[in-house]
Amino acid sequence: MIGMTALLQWSSHEAFCKVMWATGEMCGLAFDRPLKPWLVDETVYEEAVRSGPIAAVTNIPLGQRRSRI
């Protein structure tokens, strides 16, 4: 709900925030205090390890057409 105050918990961390916008299953948060840069880096790294490699231009086969429906 927009305007709602929340406590976001992930891994062993937590931060108070406010919901600024929401659509479907996503929302934007404004934190009461800025997150430390090392914490953001650590969280991004943990998520990358958990979800696997991201797509890169070198992973896209060139010169192939998709079939039409």
Side-chain angles (χ1 to χ4, degrees):
M1 208 171 179
I2 296 173
M4 185 166 144
T5 300
L7 175 64
L8 179 65
Q9 295 178 315
W10 71 106
S11 297
S12 61
H13 311 291
E14 59 184 30
F16 283 100
C17 56
K18 184 175 184 178
V19 178
M20 302 305 289
W21 59 266
T23 60
E25 296 179 3
M26 298 184 301
C27 68
L29 304 173
F31 294 96
D32 288 355
R33 296 184 182 139
L35 299 177
K36 304 280 186 201
W38 64 265
L39 179 57
V40 175
D41 290 342
E42 177 184 289
T43 302
V44 169
Y45 176 76
E46 288 174 2
E47 179 60 22
V49 168
R50 186 188 68 75
S51 63
I54 60 171
V57 173
T58 57
N59 296 344
I60 301 171
L62 299 176
Q64 296 181 3
R65 287 187 170 185
R66 292 175 37 170
S67 62
R68 296 196 183 251
I69 298 177

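Counting begins at 1 with the first residue of the sequence. Nothing here was measured: the structure is a model prediction, and the numbers come from that model.
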One should read off an interatomic distance between L7 CG and D32 CG, to the nearest 0.5 angstrom, of 10.0 Å
Of the non-hydrogen atoms in K18 and G3, which two are nearest, and what is the gap between them?
-> CE-O, 3.5 Å
Grab the two heavy atoms, one from F31 and one from A15, that are nearest each other, plus how far apart they are.
-> CD2-CB, 3.9 Å
Nearest atoms (heavy-atom pairs only) where M20 meets L29 | CG-C, 4.2 Å
Honestly curious: do V40 and V49 fall in one hydrophobic cluster under the side-chain, below-4.5 Å linking rule?
-> no
Rounded to the nearest 0.5 Å, what's the gap from OG on S51 to CD on E46? Could you check?
-> 11.5 Å
Find out if a path of hydrophobic residues (ILVMFWY) with successive side-chain heavy-atom gaps under 4.5 Å connects L39 to Y45.
-> no
How long is the gap from NE2 on H13 to CG on L35, to the nearest 0.5 Å?
-> 10.0 Å
Supply the atom-to-atom distance I2 CD1 to T23 OG1, rounded to the nearest 0.5 angstrom.
-> 9.0 Å
Please report the shortest heavy-atom distance between V19 and M1, naming the atom on each side.
-> CB-O, 3.5 Å
